Amino acid sequence: MFSGIDEVDWASMEHAYGPADDVPVLLRGLASADPAERESALDGMYGAVHHQGDVYACTLACIPFLFELVVDPAVQDRGSVVELLTSIGGFDLDEDDEAEIDEDEIEGAANYAMAAAAVTAGAGVFFELIADEDPGVRLAAPLALATLHRHPVRVLALLRERLPVEPDEEVRLALVEAAGRVALRHRPLAGRVADWLTVLVDRVNAPGLRLAALAQLARCSPDALPRDVVPVVSALLRELREAPGGAPEGGRDREDGAPEPDDGAEPAADPAGCPDADAPGGTDSEHVGCTDPDPAGCTEQVAAPTLVGQLRALSAQENAGRGAPWAADLLRTLHVGLDDRVDDRTALLVDQLRSPDRWQRIDAVRMSGGLIRAWRGSYEELVTLVGAQLADPEPRLADAASHVLEELFTLATPAADALAARLAADPAGWVKEWASGPPGLGSTVKALARLGDARAVPALAAALELPEVPHDVGFAVARLGPAAQPLAGALRRRLAGVRLDEGAYDRASPLLAGLTGLRAGEATPEVLRVLRGAPEYRGEWLRTAALRALGSFGPAAREAVPELRAMLRRPGTGAATEAAEALWAVAGDREAVLPVLIEGLGSDQVHDRRAAATALGALGPQAAVAAPRLRGLLAHDELWLRVDAAAALREVTGRAEESAEVLLAAWEKNRHVRVRVAECLARTGPVDPASATAQVLRAELSSVRRHNALDGGYGSHDTYEDEKLLALCRQALRGTGKTGRGSTA
């Protein structure tokens with residue numbers, strides 16, 4: 001094996017972390033008899049040689065040796081090597097990608113193409129591996145064939161031939177998944193694949209296989225799904241639960257889906273089946289995937305200190321005790337395929353959340369978060385059922401539910417009582433401590449505060465008494481609004497005690513955010529102390545937070561007027577603009593503020609120009625003299641500055657026509673600017689029902705996809721921002737926006 005490996009000039013090549021002269025060691029490690037060495041080698045291959053999917057010259061040089069490994073039956077864990085080859089050779093560079101390649105990316109693109117060609121050229125070996133004695137190899141081979149082989153008709157025929165004789169259930173599911181991959185990569189074959197999948201759904205097959213066929217149908221031919229797909233899938237899930245070993249002991253609750261009442265029994269063993277590592281006499285991560293409650297009966301499987309090892313350990317812990325650990329992946333695939341069929345997806349999740357199988361409910365909670373995050377719909381029943389999981393004694397289920405509800409803001413209203421009950425029952429969860437960094441509020445506290453529910457106040461009051469205030473307490477207080485007024489005294493007291501040293505920003509900013517949200521003008525002396533004594537380190541950030549607080553206090557902060565006037569002496573700077581904005585809110589002094597803001601429009605920094613434009617918009621008609629300067633920014637290269645200038649121009653002139661084109665063009669060009677545009681339209685409405693602006697707003701309201709939904713990523717405030725956009729669109733069309741800046745209701 002590895003004939004010629006030492007003749008390759010590895011040292012002349014590089015991988016993600018420098019010279020590639022260590023690659024031969026990694027390749028030989030993949031053939032080692034030592035499981036830890038094999039895992040470390042695999043980790044090195046993914047971490048350096050194929051880092052984040054990249055293909056280097058050394059990656060290309062590895063391909064022949066990787067093929068040697070997969071065909072040698074003496075090598076263990078060959079399935080992992082098949083997966084590595086599939087990843088290296090499976091990158092598709094379509095015509096759109098090729099058109100966007102710049103000069104710096106040409107070499108990388110060429111490497112991808114050469115890798116695809118090299119692995120595809122050897123893909124015939126996967127035909128033999130599909131019947132290998134090693135189930136791990138058989139598990140990886142179907143997807144390798146579907147991804148890499150040049151003759152998809154032959155691949156599809158082999159998948160169909162292999163399915164009836166394959167003894168391993170999980171491999172059977174992989175054969176079906178591979179058929180879906182063939183259909184996606186070779187669209188002319190989609191009809192043929194759909195016909196076969198439909199037969200698999202209709203025949204008397206195992207429920208897992210039928211569910212896999214439905215998932216792939218949804219993925220590659222959604223129109224071929226049965227009309228009654230929700231009841232069909234629900235029935236299959238029931239069959240999975242009722243099959244022998246379908247739900248582990250302790251995994252079922254009452255038949256109505258509600259958790260059994262706590263009878264005071266001792267906590268269940270760790271889900272991995274081994275004693276808690278933190279408990280007296282517990283073990284560490286060496287017993288990965290053990291299901292024997294007696295540590296002595298565990299088959300020891302040492303987890304290497306590698307990323308691959310950690311991922312395997314997490315997967316083993318997650319799946320331990322599950323009767324059908326692959327069911328969650330099948331359901332996720334099904335949901336992706338159902339796409340915008342929000343009603344069907346919601347009904348399916350509602351059924352899962354009523355399941356007596358706790359694992360199915362855990363999966364449903366997580367998938368509910370993904371659905372609501374990406375799609376608009378009516379979710380009251382779904383949210384209510386997610387809230388019901390908060391009372392479950394399984395911590396992973398309750399925690400998953402609280403994290404989902406935390407991101408829903410006002411959409412979590414149907415679960416408010418359940419959140420309050422969990423909050424009262426779990427004071428230890430009010431604040432989370434981390435190994436590094438400041439503490440943070442627990443998700444249940446944040447979820448309830450984001451609803452504006454006063455029942456979160458005791459938890460926030462307790463957090464304000466801790467030696468180190470949680471970093472997010474101020475935002476929670478601000479979301480509560482008037483309900484959090486009893487906390488103003490504690491916020492002032494803690495702010496007065498903040499040491500104005502290099503750590504001042506971290507300690508003071510949560511308190512300032514809370515006082516800003518409460519508009520607590522009585523805290524002006526404490527805020528002024530911070531403003532005057534801000535240290536050099538992060539002092540600019542701290543002054544910004546203090547000025548925002550003073551501005552939120554309005555006339556109640558008159559004591560700060562001399563300080564604010566003094567800060568105007570450096571016009572054209574960000575600090576002067578922020579001080580002018582605060583002074584306007586506190587004293588309404590147009591003569592002092594207007595020249596500073598107009599000069600701010602000419603700043604060298606785009607951020608400062610945007611701030612000046614926004615502040616001018618707050619002056620409204622009293623800043624009409626700035627209109628020519630604002631018009632001059634409507635053609636600026638920076639999109640966000642164009643938007644801020646257009647919004648300010650609309651507010652200072654009262655005329656919509658000259659800014660409408662800029663705002664609508666930005667709306668179409670960058671979806672993330674839509675909330676900013678809608679805020680302007682809502683404040684200056686009503687929008688003419690016959691205008692192009694009204695058409696754009698109505699189109700947004702009719703869309704089922706959230707405006708900021710991303711494939712493969714999301715932000716914690718995405719749902720909040722999209723719901724805010726919808727409220728602003730309705731407000732702009734109704735013409736009820738002239739009630740003050742910042743209103744979205």
Side-chain angles (χ1 to χ4, degrees), residues 339-340 342 346 368-380 382-383 404-413 447 450-452 475 478-479 481 610 613-614 617-618 639-648 650-651 656 659-689 691-711 713-745:
D339 198 41
D340 61 354
V342 176
T346 303
S368 295
L371 173 65
I372 298 172
R373 194 182 300 124
W375 300 95
R376 299 162 178 168
S378 179
Y379 295 122
E380 291 82 0
L382 187 63
V383 171
V404 167
L405 295 170
E406 172 194 340
E407 295 181 358
L408 299 187
F409 288 79
T410 54
L411 290 184
T413 298
R450 288 171 175 180
L451 288 174
F475 300 108
R479 289 297 307 176
R610 290 186 58 199
T614 301
L639 178 142
W640 284 90
L641 179 54
R642 295 199 302 270
V643 168
D644 289 334
R650 190 179 182 113
E651 295 187 80
S659 62
E661 184 177 348
V662 171
L663 294 175
L664 294 184
W667 181 290
E668 292 301 322
K669 186 175 181 63
N670 185 336
R671 56 187 171 178
H672 299 293
V673 83
R674 292 182 185 179
V675 172
R676 177 75 180 93
V677 173
E679 284 175 334
C680 170
L681 299 176
R683 282 197 302 270
T684 58
V687 171
D688 180 357
S691 67
T693 301
Q695 293 177 23
V696 167
L697 295 176
R698 286 193 289 267
E700 184 64 57
L701 290 171
S702 67
S703 173
V704 70
R705 180 80 166 174
R706 295 203 183 276
H707 82 284
N708 50 6
L710 296 173
D711 293 328
Y714 66 93
S716 61
H717 283 52
D718 284 358
T719 304
Y720 167 76
E721 288 292 322
D722 186 71
E723 290 293 319
K724 180 180 180 180
L725 175 63
L726 296 176
L728 288 166
C729 289
R730 297 185 191 102
Q731 184 175 319
L733 290 170
R734 288 197 308 263
T736 58
K738 298 181 180 180
T739 56
R741 294 176 65 89
S743 173
T744 63

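Keep in mind that what you see is a predicted model, and the values were worked out from it rather than measured. These values consider heavy atoms only, across backbone and side chains, with no hydrogens, waters or symmetry-generated copies.
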Item checked: Reported CG-to-CZ distance for the pair L710 and R373, which is rounded to 0.5 angstrom -> 11.0 Å

Item checked: Residue pair D339 / W375, side-chain heavy-atom distance below 4.5 Å -> yes

Check: Closest heavy-atom contact between V404 and G369?
Finding: CG1-CA, 3.9 Å

Next item on the list: Provide the closest heavy-atom pair for L697 versus C729 in the form atom of the first, atom of the second, distance.
Entry: CD2-SG, 3.7 Å

Next item on the list: Measure the CG-CH2 distance between L681 and W667 for me, rounded to the nearest 0.5 Å.
Entry: 7.0 Å

Checklist line | Qualifying residue, where the test is salt bridge (charged side-chain N to carboxylate O under 4.0 Å, His left out) with E700 and the options are R705, R730, R706, R376 | finding: R376

Checklist line | Where R676 and D644 come nearest, the two heavy atoms and their spacing | finding: NE-OD1, 2.7 Å

Check: If you look at every heavy atom in A613 and A648, which pair is closest and at what distance?
Finding: O-CB, 3.2 Å

Note to self: Just so I know, are the side chains of L726 and D722 near enough to count as touching, which here means a heavy-atom distance under 4.5 Å?
What the structure shows: yes

Margin query: Just so I know, are the side chains of H717 and K724 near enough to count as touching, which here means a heavy-atom distance under 4.5 Å?
Written below: no

Checklist line | Side chain to side chain, L701 and L733, heavy atoms closer than 4.5 Å | finding: yes

Notebook entry, point to check: Looking only at heavy atoms, what is the nearest atom pair of R642 and V662, with distance?
Noted result: O-CG1, 3.8 Å

Check: How many angstroms lie between CG in L411 and CD in E723, if you round to the nearest 0.5 Å?
Finding: 4.0 Å

Item checked: CZ/F409: more than 12 non-hydrogen atoms of other groups inside 6.0 Å -> yes

Margin query: Looking at every heavy atom in both A412 and V383, which two are closest together, and how far apart are they?
Written below: CA-CG1, 3.9 Å

Notebook entry, point to check: Can you find a heavy atom in the side chain of N708 that is under 4.5 Å from one in the side chain of V675?
Noted result: no

Item checked: From CA spacing to verdict: side-chain contact (heavy atoms from CB on, under 4.5 Å), V643, N670 -> CA-CA 11 Å; V643 168; N670 185 336; over 6 Å; no

Checklist line | Any donor-acceptor pair under 3.5 Å from R450 side chain to R479 backbone | finding: no

Note to self: With rounding to the nearest 0.5 angstrom, report the OG1 to CZ distance, T684 to R650.
What the structure shows: 3.5 Å

Check: Given side chains that start at C-beta, do those of T693 and D688 come closer than 4.5 Å, heavy atoms only?
Finding: no

Item checked: CG-OG1 distance between L371 and T346, expressed to the nearest 0.5 angstrom -> 5.0 Å

Check: Are Y714 and E407 close enough that some pair of their side-chain heavy atoms sits under 4.5 Å apart?
Finding: yes

Next item on the list: Mark yes or no for whether R698, through its side chain, and P689, through its backbone, hold a donor-acceptor pair below 3.5 Å.
Entry: yes

